[in-house]
Amino acid sequence: MVTINYSSIPSGPGYWLRWANVWAARRKFLRVDASTRWRQSFKPDGDTRFPDRSAPFSALLGRPPGQGFRFLILADTGEGDRSQYALLPLIRAMRADFAIINGDVAYPAGEFDDFERGFFEPYRNLGMPIWAVPGNHEYYSSYKGREFFDVFCTRGYASLWDRYGLKLVCQPGTYWELKEPGGPNLAVIALDTGQNGDLDGHGLSNPPDTEQLMWLDRRLGLADREEVKVIVLFHIPGLVRQTHDSSTHLEKLHNVLLSHRSVRLIVCGHEHNYQRYAADAFKHYLQVHQGIDALPEHIPEYIVCGGGGAYLQSTDFKKSEFLVKDVFPELDAWWQHVKIGTRIVDAARLSKTLLGAIAGYIEDATRSDSDVAEYLSFLLVFVRNDPATGTTTEVIPVFLNQVEDLFDLPDGSEVRIEFPGTPTDEKKVDICLKKNGVVF
Amino acid sequence: MGLQTSALLVTILALSASLLGISILVQALQEVYKYLTSSKSRAFRSALTDFAGPWVRQLYGRGTMLQLQVRGPMQLWRSRPQGRLLPLSRRELKRALEETSPPWIQRTLHALEIENRLASPTSTGWSPNWHSFVSELERTAAGSPGYSTAQDIIRFLTNWGAIERSSGETEGQRPLLLRSFQPPQALLVAFRQQFLPHIERVEEQYGQFLRNFEHAYRRRNLRQTFLFGLLITLAFNLPLQRLWREAAALSPQQAMELAERAKALYDKAQADPKSAELAREILRSSVVSSGPSSYRPALNELFGQGPWASLRYMLGSLLTALLVSFGAPFWNDAVGTLARLQKRPEQAAAAEEN
């Protein structure tokens, strides 16, 4: 077992036990969701380099895609505490060309200071461009998500990117596409699900996001015609914890996704663990909760991966309507990890009472905040472009407990978070990682 | 009928004079409050952030824009960064925002502006300043802060044909060479468009921003006036019904005296709105001087006579505050007009007698 040494990180565990953080995220309860309107007010500074919000991979790679590249998909990263820093050795070890953060970049409320603490400082000198989509926490900010827009989509904070040794490539908006014309047979489409995961326009003050959905339809239609395979990212999932999250309203989004055969994989965040649902489970979910009977042949796989650094959430799911194929941490590991307090509350059948809720909250906020960094996870995407065989894309979950194997470290050794990240050879990395990947 | 109209006119005149007195007091207090809280500077900050986006808050960060920042009235230590800016003109704002951009961008901009200033129709070459700038740009070490920006600038200058790489095996062995001179004006425009589009937008729409700021400042002032008016109304027990009753009890001569006193106060307030003497005079004037002695009946009216009386009292106070928020100039004009109307029949009677 390898331990991660966080001694250089001042921010300790218990992020959500600090009153200031809870208070900063108060808009979760107090602010009515109108994110469709907020998002439509974000206008780029006339940057026409990426027409129709579609940028080539080469813009992030700084070179033509050539024979291939690799990138990371992280989510729910930005607490700026020890657990976030714990992933750094592994992130560096992946030697990715760029990274995508699938929401919740800056806890607790997406303010400028939160970005500095939860994004710039942890990823200082990472040496790769990072793009992102806003999560719910970015929309709790004073300017309703505009801070996110300013950081990632304008040059307003260019001096900050510069100071922290990060390469700024302005995104074309809060939702965007990466696709190389004439390049690899792959596109990544990232969507903005706003404050509450409502693209259908369910709330009184939140109209349907027709603009974003029409854009998605247009881009996917193009991908269908060009026979490009698409990975779709968005932050708030409808299918999660083996059931439907009834607070989300994503029916129109699911309809658009299903009407295009080019969609091969859906990746969400928001839930702080790793859940992978097979196409059958997702199909069943769509039939039961979205009322879609005439389903196409091609149903994409569905991954929820929000273990990018924030506190962990239980994988002991209460419902089992749609069974997960893979989960991390596994149930045994989760139960080993949770403290005796929660176990007693559970054994006494008090888990659904106020006492249970308080015990669970304190447990989450203390225990799962830093010491369980070993259960963090993210996705690594390998794109191999071979003129003879075409493009192969492998989406591989990376778990922090693989550090030992990846770095070839003896049992009991200690990894400092400043670890420069020169792991074992490529083959070793491949062997370690190719356990649970999605290949298309 | 004539008598009734005259009585009503006297009451309205006295009421207007009372409201003018309260408005002057509110104005005096508001001036002090605005000074103590740097109200204009805060309104400017808020309007600028709404207009351009939260990134402009970098202007207010510690250690940035020290030459433009001013101290608030309670900030006594000269060394402490202050974080307050007075409203800036278009040019000042543009310059200030440019200073929030990365150092290499600032330096390139500066170098290009010098070239632009030096350029003349007969210029045939880059200045020595440009030569030394390019060689310094080239020496930026890989991995150092600002490296990626420097690389972006090199790419930009190469694309625009201002520099090129000489031939060689590796990038390190291929130093940057200056290409033949070209007028720097186009380069400067293109550079701004690529690296400072957010600042260009603010500059282009500065007129609109200024209108937004003025509107926001007026709204803030109006809000403050209403709140101060309400506070004074409650503190001195001046709901509208009480002001009306007291105004109705005055004789025409008393109403006229009150109006003249209020107008004299207004003239004094125009000369020095923050004077302590003025505040004392207002408090001594009959407009508000009866306040403290009548707290007991006020409390009785507010709490002791049932919910309708309380509601009536609160409504009266809100109406006074609302009328006060029309401002002292409005009530001064009203008092002047009403006083003239009041004097007219008297003058006519005097003329008849003569």
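So you know, we letter chains A, B, ... as the sequences are listed, proteins then strands, and number each from 1. Since this is a predicted model, take the numbers as computed values, not measurements.
- Of the two parts of D150(A), only the side chain, counted from C-beta on, holds a non-hydrogen atom closer than 4.5 Å to a non-hydrogen atom of chain B.
- The parts of R146(A) that come within reach of chain B are both its backbone and its side chain, each placing non-hydrogen atoms under 4.5 angstrom from that chain.
- How far OG of S35(A) is from CH2 of W38(A): 5.5 Å, rounded to the nearest 0.5 Å.
- The aromatic rings of F112(A) and Y157(A) lie parallel to each other, their planes meeting at an angle below 30°, with 60° marking the opposite boundary.
- For D50(B), the parts lying near chain A are the backbone and the side chain together; criterion is any non-hydrogen pair under 4.5 Å.
- When heavy atoms are compared at a cutoff of 4.5 Å, S101(B) approaches chain A solely by way of its backbone atoms N, CA, C and O.
- The pair E79(A)-R18(A) does not meet the salt-bridge criterion, since no charged nitrogen lies less than 4.0 angstrom from a carboxylate oxygen.
- Ring-plane geometry between F133(B) and W130(B) is classed as tilted, the angle between the planes lying from 30 to 60 degrees on a 0 to 90 degree scale.
- Chain A forms the most heavy-atom pairs under 4.5 Å with one residue out of G53(B), P54(B), S148(B), and that residue is P54(B).
- Cation-pi check for R45(B) over Y60(B) is met; the charged atom lies under 6.0 angstrom from the ring centroid and within 45 degrees of its normal.
- Neither the backbone nor the side chain of Q106(B) comes within less than 4.5 Å of any heavy atom of chain A.
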